[in-house]
Amino acid sequence: MFQEQPPCSEEELVERSLRLEGLSVAQLAARLSTRIPQHPIQRKGWIGLLVERALGTTAGSLSAPDFMNLGIELKTLPMKAPFRSAESTFVSSIPLLRLHEQTWETSTCYAKLKRVLWIPIESSSTIDFPYRRFGRPLLWSPSEQQHRVLADDWVFLSTVITTGGLAEVDARWGEYLQVRPKAANSRASCAVLDEDGCSTRTLPRGFYLRARFTSMLFSSHAC
DNA sequence: TTTTGATCATCC
DNA sequence: GGATGATCAAAA
């Protein structure tokens, strides 16, 4: 199956991504000689994989930014209207047993958020899936203000988790970042230490960016 | 089985 | 309508 070679520079990646603007899902799928899954439920994550192939990502399933050599993470972003993202954005799984070894600066979360190539895609249910179009990509790094809030969120949530408070944490915590389940289903489990330091099991979690935040991010870069 | 890619479906 | 918790698919 057709796949682009990895881009050698940020400029090349941006140039390549700009060529997606205005393309429909059907058009990009045709260029990559692939078929669109029939059922909506089979399309979860499919757009992201399609764009990865179109742009030539290199990280595979590693816990690293998609373009490892460039330090850039790729995210498709469903937009229900201009500047209105429809969903939260998964950032990274939370390594519950090793989180205490990380700081914000060394975290896998920050590794992905320090530079992101956002590819907006129409997601309104009024547009048939194949006809949804890609918007103008945005190569973004957190502003000083955004960085401050993200760092605060991460430190706060991570501190609660590493001190055994995970059971209390839910998705309402955090201003820009939130903690939510990241698993095949609610019966999935992974190891974690409880508040007494005893090994137990819990639902795997991940850090997500709130839709409110990604909407803001796009409106602040509007021309 | 785990990590990636996310969106679905329900509850408020 | 929006946010939260649950879930689905591909790849390794």
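Throughout, a chain's letter reflects where its sequence line sits, starting with A, and its residues are numbered from 1.
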Residues in side chain to side chain contact (heavy atoms under 4.5 Å, CB included) with A/A30, at least two apart?
none

Base, sugar-phosphate, or nothing for A/K182, non-hydrogen atoms under 4.0 angstrom?
base

Numerically ordered, the residues 165-180 of chain A set in heavy-atom contact under 4.0 Å with DNA chain C is A/D170, A/A171, A/R172, A/Q178, A/R180

Regarding A/E87, tell me which of base, sugar-phosphate or nothing describes its non-hydrogen contacts under 4.0 Å with the strands shown.
base

In whole angstrom, give the distance that lies between atom CD of A/E52 and atom P of C/dA11.
10 Å

Residues that A/E10 engages under salt bridge (charged side-chain N to carboxylate O under 4.0 Å, His left out), provided they are two or more places apart:
A/R115

Sugar-phosphate, base or nothing in reach of A/P37, heavy atoms under 4.0 Å:
nothing

Per the under-4.0 Å heavy-atom filter, residues of residues 207-220 of chain A near DNA chain C come out as A/R210

Is there side-chain contact between A/L150 and A/F213, with at least one heavy-atom pair below 4.5 Å?
yes

Across all chains, not counting sequence neighbours, the side chain to side chain contact (heavy atoms under 4.5 Å, CB included) partners of A/T58 are A/P6, A/M68, A/N69

A/H100 meets the side chain to side chain donor-acceptor pair (under 3.5 Å) criterion, sequence neighbours left out, with none

Quick one: does A/T214's side chain have a donor or acceptor within less than 3.5 Å of a partner on A/S85's backbone?
no

Measure from NZ or CZ of A/R212 to the centre of the six-membered ring of A/Y176, then state whether that distance is under 6.0 Å and the direction lies within 45° of the axis.
no

What residues form a side chain to side chain donor-acceptor pair (under 3.5 Å) with A/E21, not counting sequence neighbours?
A/R136

Outer limits of DNA chain B sitting under 4.0 Å from a non-hydrogen atom of chain A, read 5' to 3', are B/dT3 to B/dA9

Just N and O in the side chain of A/S186: are any of them under 4.0 Å from OP1 or OP2 of C/dG5?
no

Assign A/R205 to base, sugar-phosphate, or nothing according to its heavy-atom contacts below 4.0 angstrom with the strands shown.
nothing

Which class fits the ring pair A/F129 and A/W46: parallel under 30°, tilted 30 to 60°, perpendicular over 60°?
tilted

Could you tell me whether the side chains of A/S63 and A/T108 share a donor-acceptor contact shorter than 3.5 Å?
no

Can you give me every donor-acceptor pair (side chain of residues 155-164 of chain A, partner residue at least two apart or in another chain, under 3.5 Å) with its distance?
unit_1 : atom_1 : unit_2 : atom_2 : d
A/S158 : OG     : A/W154 : O      : 2.8
A/T159 : OG1    : A/V155 : O      : 2.5
A/T162 : OG1    : A/S158 : O      : 2.9
A/T162 : OG1    : A/T159 : O      : 3.3
A/T163 : OG1    : A/T159 : O      : 2.7
A/T163 : OG1    : A/V160 : O      : 3.1

Under 4.0 Å, heavy atoms only, any strand: does A/S63 hit a base, just the sugar-phosphate, or nothing?
sugar-phosphate

Does A/K80 have a side-chain nitrogen or oxygen under 4.0 Å from the phosphate oxygens OP1 or OP2 of C/dG2?
yes

Residues from residues 93-119 of chain A lying under 4.0 Å of DNA chain B - heavy atoms:
A/S93, A/K112

Would you classify A/S123 as touching base, sugar-phosphate or nothing, given that sugar-phosphate means primed atoms plus P, OP1 and OP2, and contacts are heavy atoms under 4.0 Å?
nothing

Would you say the side chains of A/W118 and A/E73 form a donor-acceptor pair under 3.5 Å?
no

Set of side chain to side chain donor-acceptor pair (under 3.5 Å) partners for A/E168, sequence neighbours left out:
none

Answer with base, sugar-phosphate or nothing: what part of the nucleic acid does A/G45 contact at a heavy-atom distance below 4.0 Å?
base

With sugar-phosphate meaning primed atoms plus P, OP1 and OP2, does A/I47 contact a base, only sugar-phosphate, or nothing at under 4.0 Å between heavy atoms?
nothing

Considering only distance and modelled atom types, tabulate donor-acceptor pairs under 3.5 Å from the side chains of residues 197-204 of chain A, sequence neighbours left out.
unit_1 : atom_1 : unit_2 : atom_2 : d
A/R201 : NE     : A/S189 : OG     : 2.8
A/R201 : NH2    : A/S189 : O      : 3.3
A/T202 : OG1    : A/R205 : NH2    : 2.9

